[in-house]
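Bear in mind that the values here come from a model prediction, so they are computed numbers and not experimental data. Chain identifiers are assigned alphabetically (A, B, ...) following the order of the sequence lines, protein sequences preceding nucleic acid strands; residue numbering begins at 1 within each chain.
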2 protein chains.
Amino acid sequence: MSFAYNNPHRISAATRERILAAAEELGYAPSTVARMLQAGRTNALGVLLPQNLATVMENPYYAQFLMGVGQVCDQEGFTLLLSAPLRDSMLKAIPYAAVDGFVVCGLESDRGEVAELERRKIPFVLVDSDPQENVPSVDVDDRMGAREVVEHLLEMGHRRLAVLSMDPGPDHAERGYRGPLARRMEGIVEALAEVGMTMADVELLEVPVTRVDGFRATKRLMAEYAPTAIVALSDVLAIGALDALHELGLDVPGQVSVTGFDDLPEAAWQRPRLTTVRQAIATKGRTAADFLISAIRGEDQHPHQYLSATLIVRESTGRVPRSP
Amino acid sequence: MSFAYNNPHRISAATRERILAAAEELGYAPSTVARMLQAGRTNALGVLLPQNLATVMENPYYAQFLMGVGQVCDQEGFTLLLSAPLRDSMLKAIPYAAVDGFVVCGLESDRGEVAELERRKIPFVLVDSDPQENVPSVDVDDRMGAREVVEHLLEMGHRRLAVLSMDPGPDHAERGYRGPLARRMEGIVEALAEVGMTMADVELLEVPVTRVDGFRATKRLMAEYAPTAIVALSDVLAIGALDALHELGLDVPGQVSVTGFDDLPEAAWQRPRLTTVRQAIATKGRTAADFLISAIRGEDQHPHQYLSATLIVRESTGRVPRSP
DNA sequence: CTGAAAGCGCTTACAG
DNA sequence: CTGAAAGCGCTTACAG
């Protein structure tokens with residue numbers, strides 16, 4: 001008789017005592033899963049990730065994002081379930097997550113995930129994806145952010161640019177850029193066009209998003225191309241670039257300018273402090289989780305939300321050096 | 001008839017087709033929770049955290065730790081459930097997590113959590129806790145690590161030390177230090193004793209574990225106490241101290257030495273590179289998760305595992321400056 | 001080969 | 001006030 005736990009006033013205190021004592025004696029505890037089944041509620045928020053858990057946890061971007069999602073979970077008393085691709089498929093991971101709703105991250109090429117989620121009638125919000133009709137999403141104006149940062153460099157006279165980008169993944173060859181990376185590339189192309197340049201006029205390097213990869217790529221870049229400015233599409237890569245330039249004894253921004261993207265907390269702690277594009281990562285996580293909670297409660301839907309990306313000029317960019 | 005999904009060879013292909021088609025038509029998808037109930041398995045690993053999700057996600061220590069746990073989840077196809085205290089109680093959070101086992105973090109004062117877990121007969125491993133009889137745990141030799149780093153400073157002639165510690169939490173007044181912090185304090189006391197000093201001879205500051213708190217505390221420390229060496233009990237705090245000393249124009253290690261604890265990836269990227277105590281955080285997470293998986297599978301138990309903590313001397317420590 | 005039935009462990013109307 | 005029964009949505013022996 002679960003009344004003892006759930007409805008104390010419906011039974012006499014004596015009986016209640018008796019039941020609880022017996023439960024203690026037997027070492028009884030209600031089953032979490034059975035209760036979820038009966039209640040039709042898990043009190044868990046799922047985050048469907050595009051990469052392995054280990055890779056995600058290594059990336060400070062996700063720390064920020066999950067902090068935002070976590071704030072909402074803390075507030076609402078939800079638990080946070082992290083769900084990584086199963087055999088390289090986000091779709092296959094869905095049936096294994098007992099959650100009341102999903103925040104879906106970086107769904108760059110939809111292989112049925114949206115249909116599966118709709119079919120299951122489980123609320124979800126897409127984040128860092130290619131927005132779709134009638135599918136709730138939270139996105140950032142990556143295009144404008146990327147455009148502004150490149151314009152900034154161009155205005156300072158830089159023409160010999162290198163773009164340090166994250167690896168676009170295996171789909172890239174057949175499907176082109178997708179999601180935020182596609183938007184950032186667009187922004188770069190637009191900025192270049194203003195001065196009559198194209199992507200063919202810049203050096204592009206694509207690497208995994210880690211500090212050491214940014215470091216190594218920059219070493220190579222300086223040896224082989226010697227740009228006057230490095231446009232990193234992530235702060236983590238930009239910070240790795242700063243490390244490399246410091247080790248090479250190159251002055252930033254005296255000899256080389258560096259820009260990032262994200263405005264991680266670390267960005268402002270760099271020496272020199274990093275010029276970057278701020279996107280409110282934690283806010284993005286919080287917004288997505290808030291939308292999800294509303295949807296779970298059956299409240300009004302918010303189909304699309306756009307957050308801005310703004311250029312933050314700090315100390316790592318300056319005028320192009322006079323030619324040597 | 002779930003045979004269509006689970007036991008394809010037990011029915012004719014035609015029937016199977018018919019069922020699957022009907023399922024598609026109706027938008028049917030098996031319920032995750034019902035399946036868990038029936039199977040008695042969730043395929044989820046729980047991490048029972050001592051702080052809010054937002055606080056945890058902000059701390060790079062946990063990023064490393066969860067990376068280790070995540071590696072095991074990735075490998076075993078488990079999902080990762082993060083469970084924060086409910087109304088300030090880890091105990092109350094337990095019934096809401098549908099998991100096959102728990103990694104319990106930083107359980108510094110047991111308020112029935114262990115009993116509850118045992119009662120539920122759910123496997124668990126304690127990490128960063130005070131080890132208990134017959135309870136599986138993974139811990140680090142914090143005492144030796146702390147002792148070595150303080151000895152290192154003492155050998156370099158430092159006698160005017162400040163300890164920058166994490167906030168010991170509300171229980172501290174009644175229960176004293178607990179868990180890893182207690183062990184680190186012990187190690188410090190032992191090292192000091194070797195030169196006839198006690199805690200009364202050092203300045204102790206306790207702050208939340210964030211870079212900016214380390215920064216602020218160090219500013220205050222230099223103004224009010226002017227130590228020749230700062231022993232931070234976490235790399236995050238040490239890095240904040242480095243920031244502050246840089247801003248004050250003080251040379252490290254020329255004028256002030258700084259040590260950390262953890263050896264986060266960031267430590268080796270600092271300028272100067274940080275002298276610190278390495279604990280294999282990711283390994284700790286991986287080990288705990290491995291133990292948990294064995295326990296879930298009913299394999300042999302590993303009651304206690306100790307990992308070492310070793311001093312890594314880099315560039316942020318040097319001989320005490322000649323008195324001015 | 002296939003359908004009906006029991007059981008996983010709860011919660012909550014419903015009789016008594 | 002309290003006990004027995006139905007139902008949450010699956011899976012899997014068991015008849016037919």
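- Atom-to-atom, CZ of A:R41 to P of D:dC8 comes out at 19 Å; the value is rounded to the nearest Å.
- The interatomic distance linking A:M36 (CE) with C:dC10 (C1') rounds to 13 Å, in whole Å.
- For C:dG7, its base sits under 3.5 Å from the side chain of B:Q38 at one donor and acceptor pair at least.
- Here the straight-line distance linking atom CD1 of B:I94 with atom OG1 of A:T32 works out to 9.5 Å at 0.5 Å rounding.
- When distances run from any side-chain atom of B:L37 to the nucleotides C:dC10, D:dC10, C:dC8, the shortest one goes to C:dC8.
- The backbone N or O of A:G285 sits nowhere less than 3.5 Å from a side-chain atom of A:T287 that would complete a donor-acceptor pair.
- At D:dG9, none of the side-chain N or O atoms of B:R35 fall inside 4.0 Å of OP1 or OP2 (strictly under the cut-off).
- Remark: P of D:dG9 and NZ of A:K121 are 12 Å apart, rounded to the nearest angstrom.
- Checking each of A:L292, A:L81, A:T79 against A:V99 for a side chain to side chain contact (heavy atoms under 4.5 Å, CB included) leaves exactly one that passes, namely A:L81.
- Note: B:Y62 and B:F65 have perpendicular aromatic rings, judged against thresholds of 30 and 60 degrees for the angle between ring planes.
- Base-pair partner of C:dA13: not found among the strands shown (Watson-Crick or G-U wobble, both distances under 3.5 Å).
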